[in-house]
Amino acid sequence: MKTTVKALVVGGGAVGTSIAYHLAKAGWDDVMLLERDELTSGSTWHAAGLLPLFNMSYATTHIHKYSVDFYKELEAETGLNAGFAVVGNLRMAQTQERMDEYMLYASTAETCDVPYEWMTPDQIKAKWPLIKTDDLKGALYHNTDGYINPADVTQAMAKGARQRGVAIERKWQADAFQWNGDAWEVTCTKMVEKGGNLIPSDEQIVITAGHVVTASGNHAQTTAKKLGIKIPAIPVEHQFIVMDQDPDLVKFRAEGNVEHPVIRDADAQSYVREERGGWILGVYEKNAPAVFEYGVPDAFRADLFPLDLERIEDQYMAMIHRIPSCEESGLKDDFNGPICYTPDGNPLVGPAPGLHNMWLAEGFSFGITAAGGTGYYLAQMMVDGEAEIDMASLDPKRYGDWMTTEFAARKNEECYDHVYILHHPDEERPACRPLRTSPAYDRQAARGAQFGFVNGWERPNYFAPMGFNDHDARSFRRGDWWQYAVEEAKAIREGVGLIDATAFTKHRISGPGAAAFLDWFTTNKLPKVGRINLTYALTSHGTTRTEYTIVRIAEDDFYLVSAGGWHAYDQDYLYKAIMEKEPEFGRINEEDVTTKYGVFAIAGPKSRDVLLDVIKDAEPETTLSNKRFPWLSSKKIELGMCPVNAIRVAYTGELGWELHHPIEMQNYLFDLLEKAGEKHGMKLVGARAQNWLRQEKSYRAFGNELGRDATPAEADLPRFIDLNKDFYGKDAMVEKGIRSKCVTLLIDGPDDADPWGREALYAQDGTRVGRLTSGGYSVAFEKSIGLGYVRPELAEVGTTLKVRMLNELWDATIVEDSPYDPKNAKIRVDG
Ligand SMILES: Cc1cc2nc3c(=O)[nH]c(=O)nc-3n(C[C@H](O)[C@H](O)[C@H](O)COP(=O)(O)OP(=O)(O)OC[C@H]3O[C@@H](n4cnc5c(N)ncnc54)[C@H](O)[C@@H]3O)c2cc1C
């Protein structure tokens, strides 16, 4: 057995096997896969094998699509038939709301080239008469997916991997990981069978590996302990039952009819497919418990839990309603196995936090569907430095150190329970909340705040009258909350509003090497002392890794503000870069001050008036004037008794300041501003209105327009890129050129809906030319607005495109950047 390899993949389920295969295919010739038991002995062996293309996320849809295409080619390469039954997938809707959900999904599917069709209840009935359709509104049909045999597809990938030189070693467990400065030294233990259990023997070896990938399935918590990190992947029980033959189905097939597609009755939380003349019913039921929170016991191998029929009774009855002919079929077999989940349902794929050359591929709940694509895109990240799609939404660092076992377990149960709920884009999930609150949380709640969940933080989405029910207000169209966001947006455009932006990620970078480091790390010129700038850290491929607002406090002292949702993600990249460059640039101190400072953003034409009422200064009337406090500068000021680092910027594009204050003084400051704001009609404003307002100014948002699939040049931000200096990723960015370009669009959409930023864009001749990455409503223009990427030749002001919303095409005109106040006169107004 080899003891030195370039890459060691830990875990021989569908995911690990695909990663090993794709690393070899991408050109790494020294790859080993280690499995503590037998290949597929984890969750893979008992999966139902469905391969649903349907997915609301852009990145995950790409991953699933790759898998479905790849599995079809695998037999030709390996000679092994993985039993891919391309029977299609029929998603039925019992309500108009569900149809709306499918219509939003369909537009996203188009952006990823995923084919789909609409079916009416009559069309379904005509093709599959065993399905009861009289209570259906319609259905979405994918004819290119279906189901596969999970063990066979894994074995086919393993064969393909071996053919490409991968060494696959079974009955070896990776037990300890030590980084020696150049490579990982992985202590591995030979596993032996004893009394049906799999236990470690005394035989150990150390494998030296340049890179390690863990794909340990249900063992993720044990892996996390071994690595000294947190991984919020904890399994939940998942059941499906196999039923005896249904005579009507047998007859239907004997008459020469094709197999039924996988039937998804989302409103009944179940999926159904044929199995040898009978049916398989799989469910996403309520109260499925999390398991193995602290690790998998030795005695649990390729095992199952006892069936809990009572838990799935509702779904079982719903199946009899949908396919009445199955009523007499008995129960033939049952599967209740662990299925790994994460708090948001996306797997954790990418670099491990704080560790070099350590990669995670954990937390897969659709691991058979995702295995192929995960292997493909993760191999790109490892071999080339980046994947061709932005993998941020799957990054393992989207949960920070605040995450606990209890949080992950309860959130994962909720995620399982929510698989088939209506996934409104304005969805908020209730479990484990409130958890991270700014001090003014209670005050804002008492004023009607409806909170959103951002990286654990509670952040107001909007403010509504007391008793308003956010859950009932959600919609795929304009929800009942919409009018409140309109009022808030207008308050900022016409008067003054106050936004809690405490969740921002904040770092202080100082020391003799700080300036040289940041100059190299980011695209823009560093600001002068007392000034601020907006700038970007890039990936090795020249695409956007992080957006920073940098405040220069002193020559060698900087305050960095980045997106609140991406704290650990930003920090990991920053700290790893500092560690690498410190020997070159000199001492660099880093301090995470995220929870030390609260932030209020005050904005609107009357924002200066509110602040002037409470500011303490020898000459208060001029403290906030353009002369003493110009736009894009920062100053220490005193508001009543609260010391504030004020920054003159406003993400809403109005006159405004961000007020960074000691977090323990937040309630004092809130009360002070609220009282002062009363006579100016100040309104509390939430994130939804802010999101609309920033689109009127064409301000790009991280995670929407800004990410690892586009460069800041493609985001059309030349004023924040200093091509006269050297910065990390510059050459790659320049070399990429402009593949597609970010534009702002005003949209003549339907009367009752705005885009959400996931919709496909078309040229007038019907060809698809891009996609929206943000969407909303513009109070200034009284119509829908969006930002998105289109082919560069179309990115001309005045070009009229079409956007698909609610299954129709609507006119969308490209407008100049910052259609609201293009000269920034309002932001710069003096006083
Ligand atoms: C009832 C049920 C039905 C399902 N149906 C579907 C479906 O229809 N479609 C779908 O896409 N998904 C389905 N799933 C989910 C799917 O089974 C999983 O997402 C998938 O199998 C995960 O694959 P994996 O490779 O990540 O993990 P696993 O298959 O669990 O593999 C992990 C492997 O790592 C090994 N390992 C762990 N630690 C170590 C170590 N330290 N050293 C060496 N080896 C180690 C384990 O022994 C194991 O073999 C279903 C799950 C269940 C429970």
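Counting convention: from 1, in listed order, for ligands and their atoms alike.
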Option passing salt bridge (charged side-chain N to carboxylate O under 4.0 Å, His left out) with D30 (candidates R164, K2, K6):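 Passing option: K2.
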Does ligand 1 have an atom under 4.0 Å from some heavy atom of [X]?
X    : answer
Y147 : no
C340 : no
Q239 : no

H238 ring center near Y284 ring center (under 6.0 Å): yes
Can an N or O of [X] be found at a distance shorter than 3.5 Å from an N or O of ligand 1?
X    : value
G49  : yes
T40  : no
V10  : no
F335 : no
F364 : yes
A48  : yes
S43  : yes
T369 : yes
P338 : no
A14  : yes

Pairs flagged by salt bridge (charged side-chain N to carboxylate O under 4.0 Å, His left out) wherever residues 234-245 is involved - sequence neighbours left out: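 Sorted result for residues 234-245: E237-R311.
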Location of contacts on C188 toward ligand 1, heavy atoms closer than 4.0 Å: neither
Any donor-acceptor N or O pair under 3.5 Å, side chains S43, N218: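 Per modelled atom types, S43 and N218 side chains form a pair under 3.5 Å.
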N/O donor-acceptor pairs under 3.5 Å from side chains in residues 152-162, not counting sequence neighbours:
unit_1, atom_1, unit_2, atom_2, d
D152, OD2, N149, ND2, 3.2
T154, OG1, P150, O, 2.7
K159, NZ, T78, O, 2.8

Salt bridge (Lys or Arg N to Asp or Glu O under 4.0 Å) between R410 and E414, intermediate numbers included: CA-CA 6 Å; R410 302 293 82 79; E414 177 189 60; over 6 Å; no
Audit row: H62, Y66, ring-ring contact (aromatic ring centres under 6.0 Å, His included) steps and yes/no: CA-CA 6 Å; H62 274 286; Y66 176 88; over 10 Å; no
